[in-house]
J.: 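Let me begin by handing over the structure; questions about it come next.
Counting convention: from 1, in listed order, for ligands and their atoms alike. Note that the structure is a prediction, hence the values are computed from the model and not measured.
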Amino acid sequence: MIVTRFAPSPTGYLHIGGLRTALYNYLYARANGGKFLLRIEDTDLKRNSKEAAEAIVQAFNWCGLEYDGEIVYQSSRFDLYKEYVAKLLESGKAYKCYMSKEELDALRAEQEARKERPKYDGRYRDFTGTPPSGIEPVVRIKAPTSGVIEFEDGVKGKVSFNANDILDDFIIARSDGTPTYNFTVVIDDALMGVTDIIRGDDHLSNTPKQIILYEALGFKIPKFYHVAMINGSDGAKLSKRHGATDVMEYKRMGYLSEALLNFLVRLGWSHGDDEIFSINDMKRLFDPNHLSKSSSTFNQTKLEWLNAHYIKTANSERIFDELSELGLNLRNHPKKELLIGQYRERSKTLVEMRDSINSLLNEPQSYDEKAYNKFINENSLQILAEFSEILKPNLTAKDYEEATMSFLESKGAKLKDLAQAVRVAVTGTSVSPSIFEVIEILGSECVKERISKLLAYAKQ
Ligand code: GLU
């Protein structure tokens with residue numbers, strides 16, 4: 001059975017790149033009837049917080065990424081890590097190193113002077129003497145000193161590291177007894193039965209160290225997939241300066257989670273030339289063998305395009321829920337279906353939709369100067385005044401259209417002469433859906449009132 005996991009370090013909000021990693025792992029498990037586990041890597045008690053862990057879970061809930069079983073918190077597993085450190089010490093695969101900070105600094109300085117890469121020199125590797133007093137030792141793994149560490153990466157193909165170049169006897173437990181990152185990851189992935197690890201290629205250099213630990217501990221090595229990073233439009237690694245990187249910020253900006261997931265799945269994965277993937281499509285089709293080797297670019301326009309698509313196709317209840325979370329409750333509006341029917345076609349985000357609907361439902365506080373100057377003049381004011389007279393209550397958009405057309409015919413006027421002036425009167429701007437729908441939505445009384453306000457304003 002395929003078992004995948006997402007293993008974030010809770011240092012802040014869930015980053016958009018983290019969500020993509022989580023999504024890939026989730027989809028791979030779901031596409032194969034496997035399990036997707038969530039592990040919070042919160043061993044760094046200074047940098048990690050409970051709030052950050054909660055923020056991750058909240059973002060998961062928003063996106064509907066369900067994990068299997070309970071969340072595993074590394075902070076509750078220190079005893080377990082100690083047990084495995086002890087096992088490695090006992091079997092001689094790890095050892096205590098009593099090097100003081102001063103000694104380590106001196107070694108570094110010498111190596112730097114010789115222009116060598118700073119590297120632990122193994123001085124306690126085979127130490128059998130009496131340990132120096134007053135020093136709490138760190139525990140180091142006995143890493144191979146020669147040969148290559150090789151693995152078949154699911155994205156990058158064969159990856160090999162020269163042991164001598166990259167490795168030293170790295171620390172698995174600090175002098176205060178706390179385990180290090182590479183150690184806890186291996187223990188947990190192995191004990192949680194993780195078979196496949198999809199993660200960012202910023203972790204690639206950790207992988208040989210982890211493989212050494214798998215071997216030392218006698219655990220089965222999982223399959224790794226290192227996916228290329230997401231870049232901003234300028235080619236630099238995606239960061240705040242390219243726009244929002246907090247997943248929940250996208251909710252606040254009016255994105256539907258399915259649009260964000262669809263967008264993210266395509267940043268580094270493809271299925272032919274397809275662009276639109278519902279979550280069910282993704283669960284069915286995702287195959288990590290089609291993860292891309294090259295980095296992908298975060299394209300805001302494409303995200304907006306996808307969001308517009310999902311806004312167009314979402315069911316109405318969903319839209320009402322989302323809008324009400326954004327502070328616009330349309331549930332009791334008599335024309336709510338017509339209202340969102342008009343705006344779902346023209347909104348890139350739900351925030352844009354909310355703001356446009358608000359600007360229709362609320363009386364304009366001012367008139368846009370450009371629109372006013374362009375469309376309001378003696379002639380249009382005259383037509384508006386007369387048009388106001390023919391508006392009868394409780395008709396449909398179609399009825400208003402017919403009545404308007406015969407009114408215009410009798411006046412020898414054109415629809416465009418009237419429509420823009422009505423828009424200015426009703427919304428204060430020159431943009432709104434078709435005026436007939438607008439009249440049905442707002443009701444003729446409301447439209448008449450707004451026209452008379454504009455007429456009064458024009459007289460001043
Ligand atoms: N905790 C690590 C991080 O947040 C991820 C570990 C892993 O995926 O192996 O970067």
J.: Any chance you could measure Leu107, atom CG, to Asp121, atom CG, to the nearest 0.5 Å?
T.: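 Going from CG on Leu107 over to CG on Asp121, the span is 4.5 Å.
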
J.: So, using ring-ring contact (aromatic ring centres under 6.0 Å, His included) as the criterion, who are the partners of Tyr98 when residues are at least two apart?
T.: Tyr124

J.: Could you tell me whether Asp189 and Arg39 have a side-chain N and a carboxylate O separated by less than 4.0 Å?
T.: yes

J.: As a test of reading the model: which N/O atoms of the protein lie under 3.5 Å from N/O atoms of ligand 1, and at what distance?
T.:
{"residue": "ligand 1", "atom": "1 (N)", "partner": "Ala7", "partner atom": "O", "Å": "2.7"}
{"residue": "ligand 1", "atom": "1 (N)", "partner": "Ser9", "partner atom": "OG", "Å": "2.9"}
{"residue": "ligand 1", "atom": "1 (N)", "partner": "Glu41", "partner atom": "OE1", "Å": "2.6"}
{"residue": "ligand 1", "atom": "4 (O)", "partner": "Ser9", "partner atom": "N", "Å": "3.2"}
{"residue": "ligand 1", "atom": "4 (O)", "partner": "Ser9", "partner atom": "OG", "Å": "3.3"}
{"residue": "ligand 1", "atom": "8 (O)", "partner": "Arg5", "partner atom": "NH1", "Å": "2.7"}
{"residue": "ligand 1", "atom": "9 (O)", "partner": "Arg5", "partner atom": "NH1", "Å": "3.4"}
{"residue": "ligand 1", "atom": "9 (O)", "partner": "Arg5", "partner atom": "NH2", "Å": "2.8"}
{"residue": "ligand 1", "atom": "9 (O)", "partner": "Tyr181", "partner atom": "OH", "Å": "3.3"}
{"residue": "ligand 1", "atom": "9 (O)", "partner": "Arg199", "partner atom": "NH1", "Å": "2.7"}
{"residue": "ligand 1", "atom": "10 (O)", "partner": "His203", "partner atom": "NE2", "Å": "2.9"}

J.: Tell me which pairs pass ring pair (Phe, Tyr, Trp, His ring centres under 6.0 Å) where either residue lies in residues 167-194, with sequence neighbours left out.
T.: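 Qualifying pairs: Tyr181-His203.
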
J.: Before accepting this row, confirm whether a basic side-chain N of the pair Arg331/Asp321 lies closer than 4.0 Å to the acidic partner's carboxylate O.
T.: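 Answer for the salt bridge query: yes.
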
J.: What pairs of residues pass the ring pair (Phe, Tyr, Trp, His ring centres under 6.0 Å) test when at least one of them lies in residues 291-348, not counting sequence neighbours?
T.: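 Residue pairs passing ring pair (Phe, Tyr, Trp, His ring centres under 6.0 Å), neighbours aside: Phe263-Phe298.
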
